[in-house]
Amino acid sequence: MSLQPSDVEKIAHLARLAVSEQDTPAYVRNLSNIIDLVGQMNAVDTTHVTPMAHPLDMAARLRPDAVTEINQRERFQAIAPEVDAGVYLVPKVIE
Amino acid sequence: MEWETVIGLEVHAQLATQSKIFSGAATAYGASPNTQACAVDLGLPGVLPVLNAEAVRMAVKFGLAIGATIAPRSVFARKNYFYPDLPKGYQISQYELPVVAKGSIEIELEDGRVKTIGITRAHLEEDAGKSLHEDFHGKSGIDLNRAGTPLLEIVSEPDMRSAKEAVAYMKKIHSLVRYLEICDGNMQEGSFRCDANVSVRPKGREKFGTRAELKNINSFRFVEKAINFEVERQIELLESGGSVVQETRLYDADKGETRPMRSKEEANDYRYFPDPDLLPLEIEGAFIAQVKTTLPELPDQKKQRFVTDYALTPYEAGVLTASRELAGFYEAVVEAAQGEAKLAANWVTGDLLGALNKAGLDILASPVSPQALGGLLLRIKDNTISGKIAKQVFDAMWHGEGDADTVIQAKGLRQVTDSGAIEKVVDEVIARSPQQLEQYRAGKEALFGYFVGQVMKASEGKANPAQVNALLKEKLK
């Protein structure tokens, strides 16, 4: 078992996922299996292999630098929980 | 114990593109909130980012200017953290494979020595939105206009050893991105920002101390203040037996101190991974060669040329080449003044920059054009006016009273070079100063200045100083 319950709790917190205490052992087991598989793959010599950044063997297509979007604020804000004077309102966050 | 400061800087330069790095929304500053935030910037489901070619070109341009390696293949990654001004829950950045790697720039230290500062990397990423904490009755307001604005994050090596060096480095990068026209450098609007990694170690020790990362530094003055405060804090902590904690600290400009950012305690675990929405960026040699042809004369090259071609001191050349606009202005003055390079340097760095500073104006907004200033210098050169009267003329030109010739004519400032007229004034002055004359002749030579002053005063400053001197020497004998 490569992961501890505390690892799962930390990962869940970082991803803002609510994992209940009773589900934690299953996550520990399943995630550990995945990590162990990665560990198994680590045994392969990949010195001359370029790490894959994307499953498609292609390069990025770039777009020209032009403004193509129009202001659609009213439409976007129609589905927001709360707005005021054009800004989205969220629970207070401050440093 | 003697301590040594170690500083590395991360500069964020907003790239001067029309549209965002991954969407076609506008990047113009100051628009009404959220009117320039499209579905991609908002992170709505089903959208896909498409990379802006101009942002790539600008990154390459910067890389070439610092003698860096341009990566033939670089990869965009997701940097995961939660904050309301980051709607996707991740920032698209570059991690293991940045577009620009290993370059350097030179900074000039206070004693005139030149120091090379390594640049570890520069990578492309998107900016976050803005959180507004006031005026919303216990809530935070979010404006996503800035979300998705292209940034070039320029990461230095920990090569700086004082706050002053850090400022010199930041100024150099600022000057460079503006020369390259890839960033407007406007610090008030946040187009050019900086984080500082600061640590201290006992002098002579090789191992770095534990560092703190200072955020939120948006002026050259604050960089120096924030670093100096932090260095003192760390030294005090260590000398009293404590230890520095690796953390992110905010610089509070109002209080002049740094304090820990509590809410981001766990934020350092960003869980980067390649963004599956974006294919690797491949840059070909031909493209790099093409960008190379668009590089302007860079600040260091221009400075060197000013020293060589115009016989300026390195200091003068440094001041005049700090911005491309100022350098251009100066060269236009030299041309208008028919090659009076030294005189032009004195006037531009002295009277002109002084007046601009006082009025809070940019060089491009100067009320006196380079041609007009050059015209004034020509009148000094051909002895129409003295350097002292020229200041009076400059002042009138600054206030819109016309070009040098118009002002000289209108105010009757033409220098008197008619030796007969000057002689008359000299005789008058001597005649009404018998006491001073006696003392001078008795050996009190310092009184010569008195006579010069009286003659200049009587001629309202218009007598040619060299002629006045010669005549006085003759007559006081």
Side-chain angles (χ1 to χ4, degrees), chain A residues 3-4 6-19 31 34-35 38 41 46 48-95, chain B residues 17-20 23-27 31-42 44 50-57 73 75-76 80-84 89 96-97 131-133 135-144 216 250 261-264 266 269 271 274 276 278-282:
Chain A
L3 290 180
Q4 299 299 314
S6 60
D7 295 322
V8 170
E9 282 159 23
K10 189 186 170 201
I11 295 163
H13 175 70
L14 284 171
R16 300 296 188 275
L17 294 174
V19 174
L31 288 174
I34 294 170
I35 304 266
V38 174
M41 291 192 288
T46 55
H48 300 290
V49 179
T50 307
M52 185 174 75
H54 200 280
L56 290 179
D57 188 17
M58 292 165 69
R61 229 184 64 198
L62 310 183
R63 44 165 259 279
D65 179 29
V67 176
T68 53
E69 294 285 345
I70 52 159
N71 172 23
Q72 299 191 73
R73 184 174 80 183
E74 307 314 318
R75 286 182 69 195
F76 293 138
Q77 296 202 330
I79 54 166
E82 206 176 345
V83 294
D84 181 15
V87 304
Y88 295 90
L89 292 186
V90 299
K92 188 111 186 157
V93 279
I94 189 146
E95 296 303 340
Chain B
T17 55
Q18 299 298 310
S19 64
K20 292 188 176 171
S23 83
T27 54
S32 187
N34 293 304
T35 54
Q36 292 178 170
C38 71
V40 174
D41 310 324
L42 295 178
L44 292 185
V50 186
L51 183 57
N52 185 334
E54 188 63 10
V56 173
R57 199 185 61 79
R73 176 175 175 272
V75 171
F76 285 93
N80 300 280
Y81 66 92
F82 287 95
Y83 207 71
E96 285 177 314
L97 298 167
S131 302
L132 311 158
H133 301 298
D135 308 329
F136 296 104
H137 311 289
K139 303 228 166 183
S140 288
I142 306 296
D143 175 7
L144 296 169
N216 201 26
L250 259 190
M261 281 171 83
R262 278 175 211 92
S263 66
K264 290 207 175 166
E266 284 175 275
D269 198 343
R271 295 149 295 138
L278 287 158
L279 290 157
L281 169 62
E282 286 182 4

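Please read all numbers here as calculations on a predicted model, not as lab measurements. So you know, we letter chains A, B, ... as the sequences are listed, proteins then strands, and number each from 1.
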Revision key, fill the gap. For A:A60 and B:L281 the tightest heavy-atom approach is CB-CA, 4.3 Å

**Study point:** Region of A:A53 that comes under 4.5 Å of a non-hydrogen atom in chain B
**Key:** both

Review point. Heavy-atom distance under 4.5 Å to chain A: side chain of B:V40, backbone, both or neither?
Key: neither

Exercise for review: Kindly determine whether A:L14 and B:R271 satisfy side-chain contact (heavy atoms from CB on, under 4.5 Å), including the steps that lead there.
Suggested key: CA-CA 9 Å; A:L14 284 171; B:R271 295 149 295 138; 3.5 Å; yes

**Study point:** Most contacts with chain A, counted as non-hydrogen pairs under 4.5 angstrom, among B:K139, B:E282, B:R57, B:K20
**Key:** B:K139

Review point. What part of B:L51 lies closer than 4.5 angstrom to a heavy atom of chain A: side chain, backbone, both or neither?
Key: both

Check your understanding: Would the number of heavy atoms belonging to other residues, nucleotides or ligands and lying under 6.0 Å from CD of B:E96 be above 12?
Key -> no

Exercise for review: Name the region of B:V75, side chain, backbone, both or neither, that has any atom closer than 4.5 Å to a heavy atom of chain A.
Suggested key: side chain

**Study point:** Side chain / backbone / both / neither for A:P55 at chain B, heavy atoms under 4.5 Å
**Key:** neither

Practice item. Using atom types as modelled and distance alone, determine if a side-chain donor or acceptor of B:N34 lies under 3.5 Å from a backbone N or O of A:G86. Key: yes

Practice item. Start with the C-alpha distance between B:D269 and A:K10, add both sets of side-chain angles, then the distance that settles salt bridge (charged side-chain N to carboxylate O under 4.0 Å, His left out), and finish with yes or no. Key: CA-CA 10 Å; B:D269 198 343; A:K10 189 186 170 201; 3.1 Å; yes

Practice item. Report the option among A:A15, A:P51, A:A85 that has the most heavy-atom pairs separated by less than 4.5 Å from atoms of chain B. Key: A:A15

Exercise for review: Find the one option among B:T35, B:T17, B:L132 whose heavy-atom pairs under 4.5 Å with chain A are most numerous.
Suggested key: B:T35

Exercise for review: List the steps and the verdict of side-chain contact (heavy atoms from CB on, under 4.5 Å) for B:R73 and A:T50.
Suggested key: CA-CA 11 Å; B:R73 176 175 175 272; A:T50 307; 3.7 Å; yes

Review point. Most heavy-atom pairs under 4.5 angstrom with chain A, which of B:P274, B:A26, B:C38?
Key: B:C38

Check your understanding: Which pairs count as side chain to side chain donor-acceptor pair (under 3.5 Å) when at least one residue sits in residues 53-65 of chain A, sequence neighbours excluded?
Key -> A:R63-B:S19, A:D65-B:S19, A:D65-B:N52

Exercise for review: Using non-hydrogen atoms and a 4.5 Å limit, figure out which bit of B:A55 sits close to chain A: side chain, backbone, both or neither.
Suggested key: neither

**Study point:** Structural part of B:L97 lying under 4.5 Å from a heavy atom of chain A
**Key:** neither

Review point. Pick from A:V90, A:T68, A:L89: which one has the most heavy-atom pairs with chain B under 4.5 Å?
Key: A:V90

Point to revise | B:Q18 versus chain A, the contacting section by heavy-atom distance below 4.5 Å | key: both

**Study point:** Separation of A:L62 CG from B:E54 CD (nearest 0.5 Å)
**Key:** 11.0 Å

**Study point:** Engaged part of B:P280 at the chain A interface, taking heavy atoms whose separation is under 4.5 Å
**Key:** both

Revision key, fill the gap. Distance col, row B:Y81:OH vs A:R16:CZ, nearest 0.5 angstrom, shows 12.5 Å

Check your understanding: Just checking heavy atoms, which of residues 74-83 of chain A are less than 4.5 Å from chain B?
Key -> A:F76, A:Q77, A:E82

Check your understanding: Which heavy atom of A:K92 sits nearest a heavy atom of B:G138, and at what distance?
Key -> CB-O, 3.5 Å

Study note, to complete from the structure: So, the part of B:T27 with a heavy atom under 4.5 Å from chain A: the answer is neither

Exercise for review: Nearest 0.5 Å please: distance from the CG atom of A:N71 over to the OG atom of B:S32.
Suggested key: 8.0 Å

Review point. How many angstroms lie between atom OG of B:S23 and atom CD of A:E69, to the nearest 0.5 angstrom?
Key: 6.0 Å

